[in-house]
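Order of the sequence lines sets the chain letters (A, B, ...), proteins ahead of strands, with each chain counted from 1. What you see is a predicted model, and the numbers here were worked out from it, not measured in a lab.
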Number of protein chains: 2
Amino acid sequence: MENGTSKQRILEHAYQLGGLYGLESVTIGQLAEQLGMSKAGVYGHFGSKQALQLEVIRYARAVFLRDVIQPAEAQPAGVPRLWAMCNILVSYSAGTGLHGGDFWVTVFHEYGSRSGAVRDAVERTFSGWLQRLEQLIATAVELRQLVPCDPAQLAFEIQALLNAGGHVFRLCQDPKAPERGQGAIRQRLETLRGPAFPALNE
Amino acid sequence: MENGTSKQRILEHAYQLGGLYGLESVTIGQLAEQLGMSKAGVYGHFGSKQALQLEVIRYARAVFLRDVIQPAEAQPAGVPRLWAMCNILVSYSAGTGLHGGDFWVTVFHEYGSRSGAVRDAVERTFSGWLQRLEQLIATAVELRQLVPCDPAQLAFEIQALLNAGGHVFRLCQDPKAPERGQGAIRQRLETLRGPAFPALNE
DNA sequence: CCTACCGATCGGTAGG
DNA sequence: CCTACCGATCGGTAGG
């Protein structure tokens with residue numbers, strides 16, 4: 001992610017195409033042509049299409065960590081960090097170009113009914129994301145920012161609303177969609193308001 | 001949908017495959033082989049792959065109307081009909097095999113970033129579904145089953161939670177996922193409870 | 001990293 | 001509905 005080697009250029013481009021059209025429909029010939037390389041030049045960096053797909057997933061995880069998880073960790077644990085993460089993702093979805101969140105919205109759905117190593121990696125990423133949300137919620141409950149509730153249930157709801165915001169934004173070209181997701185999450189958090197509930201900025 | 005002509009068999013099979021792997025990855029050769037026909041035999045019913053895709057979408061709309069919309073219309077307008085529709089969709093998602101709701105969860109996301117006639121048909125279907133939800137909500141407000149609220153916002157949330165239930169059910173093989181969506185919708189409706197709020201069965 | 005190639009499959013066509 | 005075929009593209013390989 002940090003350098004401009006040819007392999008990084010391939011991964012970045014495959015990441016962009018994968019987020020637009022799905023990771024299964026990224027082809028080696030297409031990457032080669034659009035990057036001004038030969039097919040064998042692209043292929044040689046990975047050794048199989050599946051290895052390329054798995055490396056794109058690794059790459060996308062690193063982007064998500066860098067652009068979403070880590071910035072949010074500048075905020076205090078619990079609701080502030082959870083809310084910051086939601087805001088960052090909403091900004092991503094509402095951005096004009098191709099951004100990180102959309103890769104995962106596309107790929108999470110693309111592999112829902114498939115099987116194999118790529119699907120397994122996608123599912124691990126999704127489950128890890130849900131678990132991270134659950135931990136933030138559990139911490140928020142411990143800190144009495146939220147009243148006792150089922151963290152898995154609330155994490156499911158937050159993920160549903162964030163994904164739908166990005167999805168409806170694209171499918172319907174509706175610029176208000178990500179804010180609808182954000183507003184629904186805010187409303188839900190306020191419903192669960194505990195004695196130490198913090199202000200929700202932005 | 002009602003007869004077993006060869007064209008109907010093709011559409012039904014393409015509908016099943018499309019819901020599993022996406023409509024773009026359904027191929028004419030694959031359909032021909034799995035149905036015991038020649039490629040030209042399949043192709044001749046449609047004249048182009050795009051025409052086939054558009055007919056599968058028409059077919060899927062008819063299935064959705066028959067299996068979700070019409071059964072729910074046996075219930076009184078407003079919240080009972082809205083809640084019945086949600087319950088039917090949750091049962092669909094939680095069913096063991098391939099069912100109608102999953103086609104749309106897959107295809108709505110598949111065409112988020114594409115363009116062309118198929119994407120346009122998918123978007124019209126999605127917008128029509130959202131509008132139907134909005135109408136039920138607006139009626140529920142008029143009947144004082146719900147307090148005044150933004151129907152477009154609530155429709156967005158319900159759609160997000162239903163889709164996510166089906167999605168997480170498949171990706172994580174989590175049988176509780178559709179019920180999580182259902183529970184979140186129930187909770188949301190009860191938050192908006194008006195003086196004429198009806199009992200939510202099931 | 002390249003050229004040149006492999007068998008398989010793609011959407012689509014000709015002709016019956 | 002079929003066989004037989006078209007050019008293009010697929011993932012992948014050989015050899016350098």
What is the distance, rounded to the nearest whole Å, between atom CG of A:L35 and atom P of C:dC2?
11 Å

Would you say the side chain of B:W129 lies within less than 4.5 Å of the side chain of B:I69, judging by non-hydrogen atoms?
yes

Could you check whether any side-chain heavy atom of A:Y21 comes within less than 4.5 Å of a side-chain heavy atom of A:V26, counting everything from C-beta outward?
no

Please report, rounded to the nearest Å, how far the P atom of C:dA4 is from the CE atom of A:M37.
18 Å

Is the shortest heavy-atom distance from the side chain of B:D174 to the side chain of B:F169 under 4.5 Å?
no

Yes or no on ring pair (Phe, Tyr, Trp, His ring centres under 6.0 Å) for B:F126 and A:H167, after CA distance, side-chain angles and deciding distance?
CA-CA 11 Å; B:F126 181 77; A:H167 170 242; 5.5 Å; yes

More than 12 heavy atoms of other residues, nucleotides or ligands under 6.0 Å from NZ of B:K7: is that the case?
yes

Strictly under 4.0 angstrom, non-hydrogen atoms only: write out the protein contact profile of nucleotides 8-13 of chain D, one letter per nucleotide from the 5' end, B, S or -.
--BBBB

Partner of D:dG12 under the Watson-Crick or G-U wobble criteria, both distances under 3.5 Å, comes out as C:dC5

